[in-house]
Visitor: 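One structure is given below, represented as structure tokens, and several questions about it will come after.
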Amino acid sequence: MSISLRTQYTARQTTSFGPFRFIEALPWIVLATAMRVVAYSGGPATLPAIIIASMAILLAFVLVAQRSIELADGQTGLGSLTLWEQIKLARAILGRIVLLMIAAASVVAMSGYTSLAPNLMLGLDGMAFDQFTMIGKFWSATVASFVLLMIVRADANHGAVDFFATLNELARRSFWIGASILALGAIYLALGYVQGLVRHAVWIYGQTSPHGTFVRNLVFFVFIFSFAMLRLWITLIVLTYGLKSSYRSA
């Protein structure tokens, strides 16, 4: 399957936010956060909310990937994509990543680790939101590396999203990408610990605050998407550095 991306990048975007250059992804992270709240509430809206949240995470990932590549002095045509082209790219990647997560969860479940298998279905979610198991954090780092490589290959191959070619690319660059996954997994562990402390403080605030329900819910919502944005920034910075190093050593 291929998607139609622009093959001629005649006008590079010049929009810059200086130290806030990743802020473009914030609306998608806010949407993903809101959809996760809907999904956790249960009911018939759960599945649509999960799909929308996953798409929003991928769209935020594409935007931050563009800025991270530019920060690493790389060249990318991602900035020339229209919103519809970004959505088509995210949709194509989502299908392949979902199949990857299903396959991984199935293998783990058939191996007897049935309690662990569901965590592997949160690999995409864990690129922006906290995973609560150690293996889940490293799995999310692995999924993030797959997504970045698929984006880079699609950018260089006129929008063609090829899972097996991406897998081959990952194998070719296994040393640096593997090191990046390990480093990112360790960062996720540390970030999860810090996030846990802040979560506890927010919970105490919610129990003792004299402010109304709206303010307490707003504080909790801001806490969630702020850490999600931070996690996504760190994810792309680490993986982009690892990918750049792999090109240098090739």
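For clarity, every value in this text was computed on a predicted model and none was experimentally measured. Position 1 is the first residue of the sequence; numbering continues from there.
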Visitor: In terms of heavy-atom contacts, does OH of Y241 have more than 12 from other residues, nucleotides or ligands at under 6.0 Å?
Guide: no
Visitor: Answer yes or no: are there more than 12 heavy-atom neighbours, outside I102 itself, under 6.0 Å from its atom CD1?
Guide: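 More than 12 within 6.0 Å, yes.
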Visitor: With rounding to the nearest 0.5 angstrom, report the CD1 to CE distance, I57 to M127.
Guide: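 Nearest 0.5 Å value for the CD1-CE distance: 6.5 Å.
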Visitor: Do NZ/NE/NH1/NH2 and the carboxylate oxygens of E85 and K88 come within less than 4.0 Å?
Guide: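 Here E85 does not pair with K88 in a salt bridge, since their nearest N and O are not under 4.0 Å apart.
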Visitor: Would you give the length of the straight line joining atom CH2 of W28 to atom OG1 of T33, rounded to the nearest 0.5 angstrom?
Guide: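 Answer for the CH2-OG1 pair, W28 versus T33, is 13.5 Å.
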Visitor: Applying side-chain contact (heavy atoms from CB on, under 4.5 Å) to R216 and Y205, what does each step give before you reach the verdict?
Guide: CA-CA 8 Å; R216 293 197 298 269; Y205 167 80; 4.1 Å; yes
Visitor: Answer with yes or no whether the hydrophobic clustering places L191 together with V198; edges join I, L, V, M, F, W, Y residues whose side-chain heavy atoms lie under 4.5 Å apart.
Guide: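 Yes, it is one cluster - the side chains of L191 and V198 are joined through contacts under 4.5 Å.
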Visitor: What closest approach, in Å, do T240 and L236 show between heavy atoms, and which atom pair accounts for it?
Guide: OG1-O, 2.6 Å
Visitor: Is there side-chain contact between L124 and L58, with at least one heavy-atom pair below 4.5 Å?
Guide: yes
Visitor: Kindly compute the distance separating CZ (F146) from CG (L239), expressed to the nearest 0.5 Å.
Guide: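 F146 atom CZ to L239 atom CG measures 12.0 Å (nearest 0.5 Å).
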Visitor: Take V222 and L218 through the test side-chain contact (heavy atoms from CB on, under 4.5 Å) and record every step on the way to the result.
Guide: CA-CA 6 Å; V222 171; L218 180 62; 4.3 Å; yes
Visitor: Apply ring pair (Phe, Tyr, Trp, His ring centres under 6.0 Å) to F138 and list each qualifying residue two or more places apart in sequence or on a separate chain.
Guide: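 Once residues adjacent in sequence are excluded, F138 has no partner under the ring pair (Phe, Tyr, Trp, His ring centres under 6.0 Å) criterion.
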Visitor: Please name all residues satisfying side chain to side chain contact (heavy atoms under 4.5 Å, CB included) with V30, sequence neighbours left out, ordered by chain then number.
Guide: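 Result, side chain to side chain contact (heavy atoms under 4.5 Å, CB included) vs V30: L26, F221, F225.
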Visitor: Does the side chain of N119 come within less than 4.5 Å of Y113's, by heavy atoms?
Guide: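 No, too far: nothing below the 4.5 Å cut-off.
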Visitor: Checking the side chain of S246 only, and the main-chain atoms of L243 only, is there a donor and an acceptor separated by less than 3.5 Å?
Guide: yes
Visitor: What heavy-atom pair brings L94 and S54 nearest, and what distance separates the two atoms?
Guide: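 Of all heavy-atom pairs spanning L94 and S54, the closest is CD1-CB, 3.8 Å.
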Visitor: Any chance you could measure I151, atom CD1, to I93, atom CD1, to the nearest 0.5 Å?
Guide: 4.5 Å
Visitor: Kindly work out whether a path of hydrophobic side-chain contacts (I/L/V/M/F/W/Y, heavy atoms less than 4.5 Å apart) joins L47 to V98.
Guide: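 No; V98 is not reachable from L47 via cluster members.
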Visitor: Please report the closest heavy-atom contact between L232 and A60, naming both atoms and the distance.
Guide: CD2-CB, 3.6 Å
Visitor: Checking D125 now: which residues fulfil salt bridge (Lys or Arg N to Asp or Glu O under 4.0 Å) with it, not counting sequence neighbours?
Guide: R36
Visitor: For residues 172-197, pull every pair meeting ring-ring contact (aromatic ring centres under 6.0 Å, His included), keeping only residues two or more places apart or in separate chains.
Guide: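 Qualifying pairs, neighbours excluded: none.
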Visitor: Report yes if the side chains of L184 and I234 come closer than 4.5 Å at any heavy-atom pair, otherwise no.
Guide: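 When only atoms from C-beta onward are counted, I234 and L184 do touch, with a gap below 4.5 Å.
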Visitor: Start with the C-alpha distance between M229 and V64, add both sets of side-chain angles, then the distance that settles side-chain contact (heavy atoms from CB on, under 4.5 Å), and finish with yes or no.
Guide: CA-CA 10 Å; M229 197 72 223; V64 179; 4.2 Å; yes
Visitor: Kindly write out the residues that satisfy ring pair (Phe, Tyr, Trp, His ring centres under 6.0 Å) with F223, not counting sequence neighbours, or none if the list is empty.
Guide: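 Per chain and number, F223 pairs via ring pair (Phe, Tyr, Trp, His ring centres under 6.0 Å) with F220, F227.
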Visitor: Look up atom CD1 in I29 and atom CG in L59, then write down how far apart they are to the nearest 0.5 Å.
Guide: 10.0 Å
Visitor: Kindly indicate whether the side chain of I97, heavy atoms from C-beta on, has any atom under 4.5 Å from the side chain of M150.
Guide: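 Heavy-atom side-chain distance check passes, below 4.5 Å.
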Visitor: Treat each ILVMFWY residue as a node, draw an edge where side-chain heavy atoms are under 4.5 Å apart, and state whether W203 and L197 are in one component.
Guide: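 Different clusters: W203 never reaches L197 through Ile, Leu, Val, Met, Phe, Trp or Tyr contacts under 4.5 Å.
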Visitor: Could you report the tightest heavy-atom contact between A25 and L63, atom names first, then the distance?
Guide: CA-CD1, 4.0 Å
Visitor: Any chance you could measure L100, atom CG, to M121, atom CE, to the nearest 0.5 Å?
Guide: 10.0 Å
Visitor: If we only count heavy atoms from C-beta on, is the Q66 to L81 side-chain gap below 4.5 Å?
Guide: no
Visitor: If we only count heavy atoms from C-beta on, is the K137 to D130 side-chain gap below 4.5 Å?
Guide: yes
Visitor: Locate the shortest heavy-atom distance separating P118 from T114; write the atom from each residue and the value.
Guide: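 Looks like CD-O, 3.2 Å.
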Visitor: Could you report the tightest heavy-atom contact between A45 and V38, atom names first, then the distance?
Guide: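 Closest approach of A45 to V38, heavy atoms only: CB-CG1, 4.0 Å.
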Visitor: Decide yes or no for I177 and E169: does some side-chain heavy atom of the first lie under 4.5 Å from some side-chain heavy atom of the second?
Guide: no
Visitor: Keeping the roles fixed (side chain from R96, backbone from A92), state whether a donor-acceptor pair exists under 3.5 Å.
Guide: yes
Visitor: Quick one: side chain to side chain donor-acceptor pair (under 3.5 Å) pairs with a partner in residues 138-150, sequence neighbours left out?
Guide: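 Counting only pairs at least two positions apart or across chains, the side chain to side chain donor-acceptor pair (under 3.5 Å) contacts touching residues 138-150 are Q131-S140.
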